[in-house]
Amino acid sequence: MLVIRMEQKGMGSMASNHEILGILDEEYDEYRDAIHAKGSQDDKVNELVDIAVAALFGIASIRAGGVDW
């Protein structure tokens, strides 16, 4: 499931800590919206997977030296 979402979201590096934060904020908002909309458990899990993918790409970008500010 994670690999599929990673391929859908793209495999590129994030350029800055601000970009990482923006993406995480957006994914968090979508998870919150799924909860408030009383979405299905699958909807909530999918949003949590998106948060995890964003966090993993953020970590990989920092570790690879791709984050320049």
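Along the sequence shown, residues carry numbers from 1.
The NZ atom of Lys44 sits 9.0 Å away from atom NZ of Lys38, with the distance rounded to the nearest 0.5 Å. Here Asp50 contributes atom CG and Leu24 contributes atom CG; the two are 11.0 Å apart, rounded to the nearest 0.5 Å. Atom-to-atom distance recorded for Ile62:CD1 and Asn17:CG is 5.0 Å, nearest 0.5 angstrom. One distance of note links CD of Glu26 with CG of Leu21; it measures 11.5 Å at 0.5 Å rounding. Rounding to the nearest 0.5 Å gives a distance of 9.5 Å between CD1 of Ile23 and CZ of Phe57. In this structure, CD in Gln41 is found 10.0 Å from CG in Leu48, a value given to the nearest 0.5 Å.
The backbone N or O of Asp42 lies less than 3.5 Å from a partner atom in the side chain of Asn46, making a donor-acceptor pair. Of the possible polar contacts, none joining the Asp25 side chain to the Gly22 backbone as a donor-acceptor pair under 3.5 Å is found.
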inquiry  = Working note: Glu27 + Tyr31, criterion side chain to side chain contact (heavy atoms under 4.5 Å, CB included); need CA distance, chi angles, decisive distance, verdict.
reply    = CA-CA 6 Å; Glu27 298 301 346; Tyr31 176 64; over 6 Å; no
